[in-house]
Amino acid sequence: MPADGTAESRARDAVDQRARPEARPAPTQPPTPAHRGHPHRGHPHRIAIIGGGPGGLYAAALLKRLDPTRDITVWERNAPDDTFGFGVVLSDETLGGIEHADPVVYEALRGDFVRWDDIDIVHRGTRHTSGGHGFAALGRHRLLQILQDRCRALGVTLRFGTEAPYPDWLCQTNDLVIAADGVHSATRESYAAMFRPAIETHRCRYIWLAADFAFDAFRFEILETEHGFMQLHGYPYSRPSPDPEPDPDSDPDSDSDSDPDHHPSTKPAGPRRHLGASTVIVEMREEVWRAAGLGELDTAESVERCAKLFSDALGGRPLRADNSTWTTFRTVVNDRWSHGNLVLLGDAAHTAHFSIGSGTKLAVEDALALAACLEEQPDLDRALAAYEEERRPVVASTQRAARASLEWFENIGLYRRQSPRQFAFNLLTRSRRVTHDNLQLRDAHFTGAVEREFGCPPGTPPMFTPFRLRGLTLRNRVVVSPMDMYSATDGLPGDFHLVHLGARALGGAGLVMTEMVCVSPEGRITPGCAGLWNARQAEAWRRVVTFVHDEAPGTAIGVQLGHSGRKGSTKRMWEGIDEPLDDGNWPLVAASPLPYRPANPTPRELSRAQLTDIREQFTSAACRAARSGFDLLELHCAHGYLLSGFLSPLTNRRTDRYGGPLDRRLRFPLEVFDAVRAVWPEERPMTVRISATDWARGGTTADEAVQIARAFAAHGADAVDVSTGQVVADERPAYGRSYQTPYADRIRNEAGIPVIAVGAISSWDDVNSLILAGRTDLCALGRPHLYDPHWTLHAAAEQGYEGPAVTWPDPYRAGSRRPNTGRTDAPKPRLTLGGAP
């Protein structure tokens, strides 16, 4: 059930508790966008709803129930029983909101829901089942019928088979207009300049079908064909009937023994049993769809072909269509959800891929939130602003999960080398909504089998399994990410670096990385950057490395070497990130003479002689790093610094052998890599950090990132540290939880090289999930280690792990259990006085 304070509970409370107002007369003049809304607490009286899908109908029912005097009309161009798709899935949370807000609708729904717990994943003829998931579904026709009946009972006017009037007219003649007219919303397009929609079409084709039997689980069937991967998503939405129903084609009075035309194989006698029904979605990449010839077939032929392709999943049964056609999914995002007295709801405002089953859920929750906000706020402006403020973060989170799921299926071919069991775990955790930890709670048997196959010793979470890079074995999969501290003097690391890196080494990580250590004074980002351009700095670093090796045995320490390029000579981060120094500047060099921002100095384009000098600076720094005792060296080719500046087409405009196509843009970074690898000890690993995308039009693409990773791997890189962005100032990153990991996943599984995933990974549960799913080999965490230097030790304690992968320092052992935070033995209430709960 939703917690108190949610839109669902607030809508319920509004219905149960508020005193209803007197009936109000119709407005004396049509309101306009500048003169809108009913004066009483923002309760619009005359409401038009465009679209008779679940979101529009439920909004109408809620708003009418909250105020029976309202004049509400729903305009729907299709007939009442026209619909697209077959079954819909709603979560327990959404059902709880419906139960609170309108028990009548909830009770009607509850009688028709099909519930199940299992998910079946069938891949290469092997089925793996995971239980404990909890789904509820019913037919879309039935859902619409329930909502239509509720609207009629409440007095909502339903106009089916009728195009809605032009929205501008509706806005002038109504207090509120709700556009719930779907993904292809004509209302949204009419006001595109105000809503500013962004619509992205994706790579897969899919068709929505049905089977006349009930799957006994949510089923994913993966088919590897000569044309590529195809997948079936199937789930039941109508349960089998317990008793046979009469066969309309049979004649109970006929005597089959005396009927020479009777053939038992073609005409069953007597009653038959209803086998239920299931939604079946068939999906594949566009190029697979075309290669298989499905684009040349009509609907009936496509349906027949799909039934043959997935005959094992269907048990040889046919599929059926209902206004079905092959289409591509469109992600809809709007900058604004309201304009004047017009507001978007459901798919008109946002879409989320069907593979996480959230379209109807989001629309229903939109309706709940809108009704609650209209009830709570004093006027329409504030009500619509509150609605968007409440729903936008929830929708954004759902859309991130949906995109992760969508892209997983688009790129399903990446996982062709995974075993069926790991593949199943990977599929289940694809959206990051299901994780290792909650999957373990749902189905410990399945998760345990995946762990054993992965190689986890008993009682060992995936993050605490060792990993080998060349001659270095890391005792666990946690990396303290390189983080610039800007606390050195003349490039010299001091006590701060000793304490900072030493504390994180004592905290249990398998590998601790330095900040970017600069190879020359001119290669610094700020005056506070650390360096390795002289012997004194090397000796200071030796002090840090020795402490880590002596006091945190089993923890490795790596150095990241880099050169700032055009992003140098700036203030420390807390003084003004990327802002040029007020004084004491040094000259900048880069692949091309392009300033990072207009306020930053313009760098000089490097000449061939200068390129040689910089390559030698890198090798000299690498030799000093080796003598300092570092276990691993990482070459920084990301974030717009010097070597990254050669890789990106946005920052490399050279016309010589170091510019132009990717193979030429790679030339100088590879020359530096080769030179450093030649002087770095053979047994010690070397990694490369790259920006897998520039988050900007015309920049490095994910496809190019794979090529870059392959190039470095061919030159001897042991792993790729996959970051993104910070290459150009006008980037537009798609931030979110673990938002960079899909790039690491693709490089690992397409280029076949170990990877380090980084970027908004903050929980040990996510680390376990990513590693066990085969999307990364190591996870680098930055900010979590600033918040908690002992993050890895605490992750072990919270999971109840004790073993060789993480060891509490002897002086800290007394703190290896979470301390009590307050009294926990207070007596619990036993009686309810006064006869009321």
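Heavy atoms only: backbone and side chains are in, while hydrogens, waters and symmetry mates are out.
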Enquirer: Could you state the interatomic distance from OG1 (Thr331) to CD (Gln399), rounded to the nearest 0.5 Å?
Expert: 6.5 Å
Enquirer: Could you tell me if the ring centre of Trp116 sits under 6.0 Å from that of His133?
Expert: no
Enquirer: Starting at OG1 of Thr129, measure out to CG of Asp117 and round the result to the nearest 0.5 Å.
Expert: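 That separation rounds to 12.0 Å.
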Enquirer: In plain terms, say whether Glu200 and Arg403 are close enough for a salt bridge, that is, a side-chain N and a carboxylate O under 4.0 Å apart.
Expert: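 Yes, this pair counts.
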Enquirer: Between Glu451 and Leu772, does the side-chain contact (heavy atoms from CB on, under 4.5 Å) criterion hold? Intermediate values first, please.
Expert: CA-CA 7 Å; Glu451 290 177 342; Leu772 192 58; 4.0 Å; yes
Enquirer: Please say whether the positively charged group of Arg159, taken as NZ for Lys or CZ for Arg, lies over the ring of Trp75, i.e. under 6.0 angstrom from the six-membered ring centre and within 45 degrees of the axis.
Expert: yes
Enquirer: With a 4.0 Å cut-off, would you call Asp212 and Arg320 a salt bridge?
Expert: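 Yes.
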Enquirer: Walk me through whether Ile121 and Thr126 qualify under side-chain contact (heavy atoms from CB on, under 4.5 Å).
Expert: CA-CA 8 Å; Ile121 298 101; Thr126 302; over 6 Å; no
Enquirer: For Val89 and Phe135, run side-chain contact (heavy atoms from CB on, under 4.5 Å): C-alpha distance rounded to whole Å, both residues' side-chain angles, the deciding distance at 0.1 Å, then the answer.
Expert: CA-CA 7 Å; Val89 180; Phe135 293 95; 4.1 Å; yes
Enquirer: Hey, are Thr435 and Ser769 close enough side-chain-wise for a donor-acceptor pair under 3.5 Å?
Expert: no
Enquirer: Should the heavy atoms of other residues, nucleotides or ligands under 6.0 Å from CZ of Arg77 be counted, would the total exceed 12?
Expert: no
Enquirer: Let me see the working for Arg205 and Thr328 under side-chain hydrogen bond (donor to acceptor under 3.5 Å, both in side chains), right down to the final yes or no.
Expert: CA-CA 5 Å; Arg205 288 271 183 169; Thr328 52; 5.7 Å; no
Enquirer: Cation-pi check, Arg317 to Phe213: give yes when NZ or CZ is under 6.0 Å from the six-membered ring centre and within 45° of the ring axis, no otherwise.
Expert: yes
Enquirer: Hey, is CD on Glu389 packed in by over 12 heavy atoms from elsewhere, all under 6.0 Å?
Expert: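 For Glu389, atom CD is not crowded (no more than 12 foreign heavy atoms under 6.0 Å).
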Enquirer: Once rounded to the nearest 0.5 Å, what's the spacing between atom CG of Leu176 and atom CD1 of Ile49?
Expert: 8.0 Å
Enquirer: Is a donor from one side chain sitting under 3.5 angstrom from an acceptor on the other, for Trp208 and Asn323?
Expert: no
Enquirer: Could you tell me whether His233 and Phe409 have their ring centroids closer than 6.0 angstrom?
Expert: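 Yes; Phe409 has its ring centre under 6.0 Å from that of His233.
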Enquirer: Looking just at side-chain N and O atoms, do Gln418 and His123 make a donor-acceptor pair shorter than 3.5 Å?
Expert: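 Side chains of Gln418 and His123: no pair found under 3.5 Å.
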Enquirer: Before giving the answer on side-chain contact (heavy atoms from CB on, under 4.5 Å), spell out for Leu428 and Phe220 the whole-Å C-alpha distance, their side-chain angles and the decisive distance to 0.1 Å.
Expert: CA-CA 10 Å; Leu428 291 170; Phe220 293 102; 5.5 Å; no
Enquirer: Using 0.5 Å steps for rounding, measure from the OG1 atom of Thr447 to the CG atom of Asp443.
Expert: 6.0 Å
Enquirer: Answer with yes or no whether the side chains of Arg330 and His202 bring together a donor and an acceptor at under 3.5 Å.
Expert: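 No, because no side-chain N or O of His202 sits under 3.5 Å from a partner of the opposite role on Arg330.
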Enquirer: Counting only heavy atoms not in Arg421 (residues, nucleotides, ligands), do more than 12 fall under 6.0 Å from its CZ?
Expert: yes
Enquirer: Go through the steps for Asn768 and Gln799 under the test side-chain hydrogen bond (donor to acceptor under 3.5 Å, both in side chains), then give the verdict.
Expert: CA-CA 11 Å; Asn768 284 327; Gln799 295 176 81; 2.9 Å; yes
Enquirer: In terms of side-chain heavy atoms, does Thr429 have a donor or acceptor partner in Arg775 at a distance below 3.5 Å?
Expert: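 Result is yes, a qualifying pair exists.
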Enquirer: When rounded to the nearest 0.5 angstrom, what distance separates OH in Tyr235 from CD1 in Ile119?
Expert: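 Tyr235 atom OH to Ile119 atom CD1 measures 13.0 Å (nearest 0.5 Å).
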Enquirer: Using the rule given for side-chain hydrogen bond (donor to acceptor under 3.5 Å, both in side chains), can you reason through Asp181 versus Ser185, listing the C-alpha separation, both sets of side-chain angles and the distance that settles it, and then say yes or no?
Expert: CA-CA 5 Å; Asp181 48 345; Ser185 170; 2.7 Å; yes
Enquirer: Applying side-chain hydrogen bond (donor to acceptor under 3.5 Å, both in side chains) to Asn426 and Trp408, what does each step give before you reach the verdict?
Expert: CA-CA 9 Å; Asn426 194 355; Trp408 194 93; 3.0 Å; yes
Enquirer: Around atom CD of Glu304, are there more than 12 heavy atoms of other residues, nucleotides or ligands at under 6.0 Å?
Expert: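 Incorrect, the count does not exceed 12.
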Enquirer: Just one of Arg432, Arg430, His353, Arg433 clears the side-chain hydrogen bond (donor to acceptor under 3.5 Å, both in side chains) bar with Ser405, so which one?
Expert: Arg430
Enquirer: Assert yes or no for the condition that the ring centre distance of Phe113 to Tyr237 is strictly below 6.0 Å.
Expert: no
